[in-house]
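We count residues from 1, following the sequence as given.
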Amino acid sequence: MTMSDTQIELPVYRELFEKMPIIGYVVDTRWRLVAATDRLLEEIHRTRESIVGQDVFAVFPDNPADPNANGSQVLRASLERAVATGRSEKLPRQRYDAPPTEEGGKFEERNWLPENVPVHDEEGKVAYVIHTVIAASSGTDGS
């Protein structure tokens, strides 16, 4: 079997990412969502078309009813570090409430174990960051 026999075509790569059994998405360096897994879409009850191209912080805002909410601040700092350093980062358990799934609904308290993985372009610069989370119970510390 040669390398050319095992190379995957680009549309298949997208399909593979979308079908991964993880909650995850990809952002560019301007924080626009460029890809999302089916598992994420199921979790947030949204369509791919409704989030791709949108600012990640608009799609996943902090809970306005929680004055201590800092999930977007923590996420932004981690994404910025991934772009600046080119290194992956696993974060400790983070509370980041899930936005309402319907008009007039309430945010739902959630805890996550997030990870950000930079993706480099041909020149070695970070072009994208893959963000994944594992749902965490309140007793999970991520270690």
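In terms of the ring pair (Phe, Tyr, Trp, His ring centres under 6.0 Å) criterion, Y96 has no residue partners (sequence neighbours excluded).
A side chain to side chain donor-acceptor pair (under 3.5 Å) with S78 is found for one member of H131, E89, E115, K90 and no other, namely E89. For the side chain to side chain contact (heavy atoms under 4.5 Å, CB included) criterion with Y128, the lone passing option out of D121, V83, V34 is V34.
A donor-acceptor pair is defined here as one N or O able to donate and one able to accept, closer than 3.5 Å; such a pair exists between the side chain of D55 and the backbone of A58. The closest donor-acceptor contact from the side chain of D62 to the backbone of P64 lies at 3.5 Å or more, if one exists at all. In this structure a side-chain-to-backbone donor-acceptor pair under 3.5 Å is present from S50 to T47. Between the D38 side chain and the K19 main chain, no donor and acceptor come within less than 3.5 Å of each other. Counting only distance, with no hydrogens or angles, the side chain of T37 and the backbone of G24 share a donor-acceptor pair below 3.5 Å. With R48 contributing its side chain and A36 its backbone, the two residues share a donor-acceptor pair below 3.5 Å.
Checked by atom type, the side-chain pair N111/R95 shows no donor-acceptor distance below 3.5 Å.
One finds the CG atom of L113 at 6.0 Å from the CD1 atom of I134 (value rounded to the nearest 0.5 Å). Remark: L33 CG to Q54 CD distance equals 8.0 Å, nearest 0.5 Å.
Checked for salt-bridge contact, R32 and D28 meet the test: a charged N lies under 4.0 Å from a carboxylate O.
Note: the hydrophobic cluster containing F57 also contains V133 (ILVMFWY, side chain heavy atoms under 4.5 Å, direct or indirect links).
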query = Step by step, would you call N116 with I130 a side chain to side chain contact (heavy atoms under 4.5 Å, CB included)?
reply = CA-CA 6 Å; N116 291 309; I130 301 169; over 6 Å; no
query = Would T29 and V129 count as a side chain to side chain contact (heavy atoms under 4.5 Å, CB included) if you check the C-alpha gap in whole Å, the side-chain angles of each, and the deciding distance to 0.1 Å?
reply = CA-CA 8 Å; T29 57; V129 179; 5.9 Å; no
request  = Show your reasoning for whether side chain to side chain donor-acceptor pair (under 3.5 Å) applies to N70 and Q94.
outcome  = CA-CA 9 Å; N70 69 346; Q94 174 68 43; 3.3 Å; yes
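Under a cut-off of 6.0 angstrom, the local environment of CG in L41 is crowded, with over 12 non-hydrogen atoms contributed by other residues, nucleotides or ligands.
A ring-centre distance under 6.0 Å is found for Y25 and F60.
Closest approach of G86 and H120 over heavy atoms only: O-CE1, 3.5 Å.
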